[in-house]
Amino acid sequence: MNIADLYEEALSISQDYASIEELLRRLKDLLEFEYTLRNRRLVIRETGARRFVFFGDIHGDLNTLYTLSKKIDLDKMLEDGWHIVFLGDYVDRGHNQIETLVFTALLKTRYLSKVITLRGNHEPYKHLIPSVSYTHLTLPT
């Protein structure tokens with residue numbers, strides 16, 4: 001599966017609530033499995049140099065994420081043993097927040113150990129309040 005196909009699949013899935021729910025349920029199960037392995041120290045640790053590409057602060061800008069993925073030839077990088085690390089902040093500003101979540105979820109479910117997804121401050125734990133963007137604040141005069 002290449003990035004262009006994944007992008008088109010993300011756009012398609014994003015149009016159907018049941019498909020989004022199914023994908024996110026699979027992702028949740030996968031993340032819980034990884035968490036369990038890590039806590040039981042069953043994770044195999046590799047030695048040697050690794051190559052990583054980092055994406056951070058996407059904020060719902062799927063078009064830029066996709067453009068960057070094509071520009072750096074992410075398909076080839078994954079084939080050549082590179083890993084992707086998402087640093088969080090997938091949502092909270094852009095026009096394609098659901099599509100961005102679906103695209104990153106598809107990457108994670110398809111490439112498993114080659115994709116690392118971290119939670120940013122814009123994906124708060126259930127009892128935390130998301131941070132406020134100062135550009136949206138109205139200050140008293």
Side-chain angles (χ1 to χ4, degrees), residues 1-140:
M1 161 106 17
N2 66 35
I3 296 299
D5 293 339
L6 213 60
Y7 175 78
E8 292 300 324
E9 185 176 355
L11 294 179
S12 175
I13 288 173
S14 298
Q15 300 303 310
D16 178 50
Y17 180 81
S19 297
I20 295 169
E21 188 176 35
E22 178 187 334
L23 173 64
L24 294 180
R25 187 172 290 118
R26 283 194 335 250
L27 178 64
K28 179 182 177 280
D29 292 343
L30 173 67
L31 294 174
E32 285 175 347
F33 177 73
E34 284 184 344
Y35 183 79
T36 301
L37 286 179
R38 188 188 70 206
N39 283 345
R40 292 186 181 166
R41 302 188 188 278
L42 299 174
V43 178
I44 298 171
R45 296 181 187 205
E46 297 179 29
T47 58
R50 287 190 179 172
R51 297 177 289 178
F52 294 89
V53 60
F54 294 86
F55 290 103
D57 295 286
I58 300 163
H59 290 292
D61 188 358
L62 179 63
N63 292 329
T64 299
L65 175 60
Y66 177 61
T67 301
L68 288 171
S69 298
K70 286 186 348 186
K71 189 173 188 101
I72 64 173
D73 199 0
L74 197 56
D75 293 320
K76 177 96 170 87
M77 293 175 89
L78 287 166
E79 287 174 18
D80 291 344
W82 285 70
H83 292 75
I84 305 169
V85 179
F86 287 100
L87 301 173
D89 292 352
Y90 309 94
V91 297
D92 196 28
R93 292 202 182 111
H95 298 287
N96 300 105
Q97 295 179 55
I98 297 293
E99 294 87 346
T100 299
L101 287 173
V102 169
F103 184 73
T104 55
L106 285 171
L107 277 168
K108 177 64 179 172
T109 57
R110 294 279 166 35
Y111 293 102
L112 301 174
S113 62
K114 289 189 175 188
V115 175
I116 300 165
T117 54
L118 303 175
R119 187 180 71 223
N121 64 310
H122 291 263
E123 295 85 37
Y125 193 64
K126 59 186 168 187
H127 67 279
L128 297 176
I129 299 170
S131 74
V132 177
S133 171
Y134 293 107
T135 59
H136 297 103
L137 292 178
T138 304
L139 299 175

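Computed from a predicted model, the values in this text were never measured in an experiment.
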Legend entry - Straight-line distance of T100 OG1 to I58 CD1, nearest 0.5 Å: 6.5 Å

Table please: side-chain donor-acceptor pairs of residues 10-18 below 3.5 Å, with sequence neighbours left out.
unit_1: S14; atom_1: OG; unit_2: A10; atom_2: O; d: 2.6
unit_1: D16; atom_1: OD2; unit_2: S19; atom_2: N; d: 3.1
unit_1: D16; atom_1: OD2; unit_2: S19; atom_2: OG; d: 2.5

Legend entry - Non-neighbouring partners of N96 that pass side-chain hydrogen bond (donor to acceptor under 3.5 Å, both in side chains), sequence neighbours left out: none

Inset, instruction - Could you tell me the separation between the OH atom of Y111 and the CH2 atom of W82, rounded to the nearest 0.5 Å? - result: 15.5 Å

Inset, instruction - For V102 and I20, work out which heavy atoms get closest and say how close. - result: CG2-CG1, 4.2 Å

Legend entry - Close side-chain approach of T104 and F55, heavy atoms under 4.5 Å: no

Listed pairs under 3.5 Å, donor-acceptor, residues 66-73 side chains, sequence neighbours left out:
unit_1: T67; atom_1: OG1; unit_2: N63; atom_2: O; d: 2.8
unit_1: S69; atom_1: OG; unit_2: L65; atom_2: O; d: 2.8

Inset, instruction - Kindly compute the distance separating NE2 (H83) from CE (M77), expressed to the nearest 0.5 Å. - result: 12.0 Å

Legend entry - Value rounded to 0.5 Å, distance of CG in D61 from CD in Q97: 10.5 Å

Legend entry - Atom of T109, atom of L106 and distance for their closest heavy-atom approach: OG1-O, 3.1 Å

Show which side-chain atoms of residues 21-33 pair as donor or acceptor with protein atoms under 3.5 Å away, not counting sequence neighbours.
unit_1: K28; atom_1: NZ; unit_2: E32; atom_2: OE2; d: 2.9

Inset, instruction - Kindly write out the residues that satisfy salt bridge (charged side-chain N to carboxylate O under 4.0 Å, His left out) with E79, not counting sequence neighbours, or none if the list is empty. - result: none

Legend entry - With F54 via side-chain contact (heavy atoms from CB on, under 4.5 Å) - residues at least two apart: F52, V85, L87

Inset, instruction - List the atom of E34, the atom of L112, and the distance in Å for their closest heavy-atom pair. - result: OE2-O, 4.3 Å

Legend entry - Contact summary for L107 and V115, nearest pair of heavy atoms: O-CG2, 3.7 Å

Inset, instruction - Tell me, please, which residues at least two apart from K76 pass salt bridge (charged side-chain N to carboxylate O under 4.0 Å, His left out). - result: D80

Legend entry - Spacing of CG belonging to L78 relative to CZ belonging to R110, to within rounding of 0.5 Å: 13.0 Å

Inset, instruction - Give a yes or no on whether the backbone of T117 and the side-chain of K108 come within a donor-acceptor separation of less than 3.5 Å. - result: no

